[in-house]
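Residue numbers count from 1 along this sequence. Note that ligands are numbered from 1 as they come in the structure, with each ligand's atoms numbered from 1 the same way.
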Amino acid sequence: MIAVIDYGSQYTMLIARKVKELGVKSRVFPAGSKIDCSNQNIQGIILSGSPSSVSEKGSLMPDKSVFESGAAVLGICYGMQVIVSSSGGVVGRGKKREYGKGVLKVNGKSLLLDGLPGESRVWMSHYDRVLEVPEGFSVTASTDDLETAVIENTDKNIFGVQFHPEVTHTEYGTRLLSNFVFNICRAEKDWNLGDWIDDTVEDIKRRVGDGKVIMALSGGVDSSVVCVLLSRALENNRFFPFFVDHGLMRQKDIERIKRVFIEGLSIPVTILDEKKRFFRKLKGVSDPEKKRKIIGNEFIKAFLRASGKIKGATHLAQGTIFPDIIESAKSGSSAAKIKSHHNVGGLPDKLKLKLLEPLKELYKDEVREIGIKIGLPQELIKQHPFPGPGLGVRIMGPVDSRKAEILNKADAVLDQELKENGLYYDMWQAFCVFLPVRTVGVMGDARTYENVVALRCVNSVDAMTASWSDIPHKVLERISTRIVNEVEGINRVVFDVTNKPPGTIEWE
Ligand code: XMP
């Protein structure tokens, strides 16, 4: 295994992921962890980057076992500066911060840079730099702005790079990591998703012991995968998943829970019918933030009421994935709050249970691959994201059950047409929005005066930015005709052509 020591870089998990993609097991350890190579079967150690500076007081440093363990060490950015300052070299502030592309020039023979061309593109993000190289190290590459971009001590098997080989903008990053993992650490390819699943199931069993686990299953990819892993690890009398039907889910979501989990996998999911309560609480509320708050709070209350009946619950399972952790770290910052996202975020504090988050080191596409491997259907794994407050943020103005039903029907038409025309899986999200405006129409020679539905279809890679999807006019026409003909209460369909920014993906 390759140990990745985390000094707080936003790329730490990406390093572990890149190593796993090379077929080698990798685990992230907190800064300061003691490393015991023979017991932990560690062949190499990678020290991550960090937002801090090694010259700051109290900066994070590795336990001395890292350099004494006998394993090869690769420091990335801050990790390289840690190596330099612990080996007698000097690190200091450069004249300017270097951020973005650089051209790496290889100076001579190098184990780490084997196979790299004389010049290649690398990605940098640093202020500090190596001012004096420690004894025993040679400099094997530089950039125009940075004399010491790569250092190597082949006697001690210690290496450092100032740039980030783990990001795709570094042209030969994977080659460099592969040189480290296979040629220097001599690690073997033996990691695969099957092993991850077995190890995780065993880990859940060990952690839970004789305890009981509760979870809120939303039916999205992450919570679905967690639910299946938990059900593999624990008997039905020790695992209690709940699905809160707040009336703002789509019919297909509830049907899928029944079909896939309850009937298909025999997982005893309790479906809580909370529709009436939610609609009562939401009656007459039109402010988007108030609606979000009500749905979030009522969701937690509903889950607590039901799960509170499980005597002796010890753990709460959640589908947290790695990008969620980055997002919540960011949301603590001074960035402007656009929307209060609703997830089950408030639950852990209220419940005082131990948390089980088996996916927290994974990225979305890894979770999807695991989902397929554990037998979840493609339609679930490849479904578009659906927000926690559900149709509540897709009905503009006050929410009621009639509008939810209208939206549900319109959404089913859109979903079906996009799938039949081979467009659904190429889009990030596609959904209908209920507009509380009435317009005049004519149907069967009679005047109509009914509501409008907007179609929102976007392409995106991470939901941070998005562009509206260009749908063939013929398909748009069919969707519009079907919605107006089949959904009572709607006599007009419009198409949203706003990118994000300036729009957001959801309308509220
Ligand atoms: P916006 O509308 O902010 O949405 O551009 C970005 C992505 O987040 C989803 N979204 C949510 N997801 N809880 C969620 O789990 C929420 O409260 C929530 N609000 C928006 C949205 O569907 C899009 O994918």
Side-chain angles (χ1 to χ4, degrees), residues 215-226 243-244 246-250 252-253 278 282 285 287-300 302-303 318-328 330-331 333 335-348 357 359-360 363-365 367-368 380-396 399 407 411 414-415 418 424-435 454-469 496-508:
M215 83 170 285
L217 171 67
S218 72
V221 178
D222 308 332
S223 72
S224 297
V225 170
V226 168
F243 176 85
V244 181
H246 47 37
L248 298 163
M249 305 300 290
R250 294 154 306 184
K252 65 178 180 198
D253 298 313
F278 274 78
L282 286 164
V285 182
D287 178 70
E289 275 302 293
K290 276 201 189 127
K291 278 160 62 177
R292 280 176 169 273
K293 288 267 149 53
I294 292 171
I295 299 171
N297 290 339
E298 287 306 313
F299 183 96
I300 291 178
F303 179 72
Q318 288 204 145
T320 319
I321 64 171
F322 183 64
D324 298 336
I325 296 174
I326 301 195
E327 275 305 306
S328 48
K330 271 197 225 146
S331 63
S333 76
K337 184 159 123 195
I338 312 294
K339 294 176 188 178
S340 50
H341 272 212
H342 150 87
N343 285 325
V344 279
L347 276 177
E357 296 178 305
L359 311 179
K360 73 166 190 259
Y363 284 84
K364 194 80 178 186
D365 54 337
V367 177
R368 287 205 170 101
L380 187 153
I381 293 302
K382 293 197 173 166
Q383 67 179 308
H384 290 167
F386 186 62
L391 302 180
V393 291
R394 294 179 179 175
I395 294 170
M396 304 301 96
V399 169
L407 210 45
D411 212 75
L414 176 66
D415 192 87
L418 292 181
Y424 180 91
Y425 294 109
D426 289 336
M427 282 176 197
W428 171 267
Q429 261 172 306
F431 54 88
C432 294
V433 180
F434 178 91
L435 307 191
L455 307 178
R456 179 69 165 148
C457 304
V458 294
N459 295 340
S460 175
V461 281
D462 53 10
M464 302 300 286
T465 59
S467 52
W468 60 274
S469 316
D496 182 355
V497 288
T498 319
N499 293 333
K500 172 181 180 177
T504 51
I505 295 177
E506 304 290 346
W507 276 36
E508 279 191 349

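- Less than 4.0 angstrom separates some heavy atom of Ala463 from each of these atoms of ligand 1: 6 (C), 7 (C).
- For ligand 1, the atoms closer than 4.0 angstrom to any heavy atom of Thr504 are 1 (P), 2 (O), 5 (O).
- In terms of polar-atom proximity, Pro385 is not counted as a contact of ligand 1, lacking any N or O under 3.5 Å from an N or O of the ligand.
- For atom 19 (N) of ligand 1, the choice among Arg292, Glu506, Gln429 with the nearest heavy atom turns out to be Arg292.
- Comment: Asp253 engages Arg250 in a salt bridge, judged by a side-chain N to carboxylate O separation of less than 4.0 angstrom.
- Considering backbone and side-chain N/O atoms, Arg394 never comes within less than 3.5 Å of an N/O atom of ligand 1.
- Atoms of ligand 1 found under 4.0 Å from any heavy atom of Lys500 (numbered from 1 in listed order, with element): 1 (P), 3 (O), 5 (O), 6 (C).
- The only member of Ile321, Leu359, Val367 that meets side-chain contact (heavy atoms from CB on, under 4.5 Å) when paired with Val221 is Val367.
- Put simply, no part of Met464 is less than 4.0 Å from ligand 1, judged by heavy atoms.
- Every ring pair (Phe, Tyr, Trp, His ring centres under 6.0 Å) that Tyr424 has, sequence neighbours left out, goes to His384.
- Here the shortest heavy-atom pairing between Ser223 and Met215 reads O-CE, 3.5 Å.
- In this structure, Gln383 contributes its side chain and Gly219 its backbone to a donor-acceptor pair below 3.5 Å.
- Side-chain contact check for Asn459 and Ser469: at least one donor-acceptor pair (N or O, by modelled atom type) lies under 3.5 Å.
- Residue contacts with ligand 1 for Trp428 involve side-chain atoms from C-beta outward but no N, CA, C or O (heavy atoms, distance under 4.0 Å).
- When only interatomic distances are considered, the shortest N/O to N/O separation between Gly388 and ligand 1 falls below 3.5 Å.
- Among residues two or more places apart in sequence or in another chain, the ring pair (Phe, Tyr, Trp, His ring centres under 6.0 Å) test is passed with Phe431 by none.
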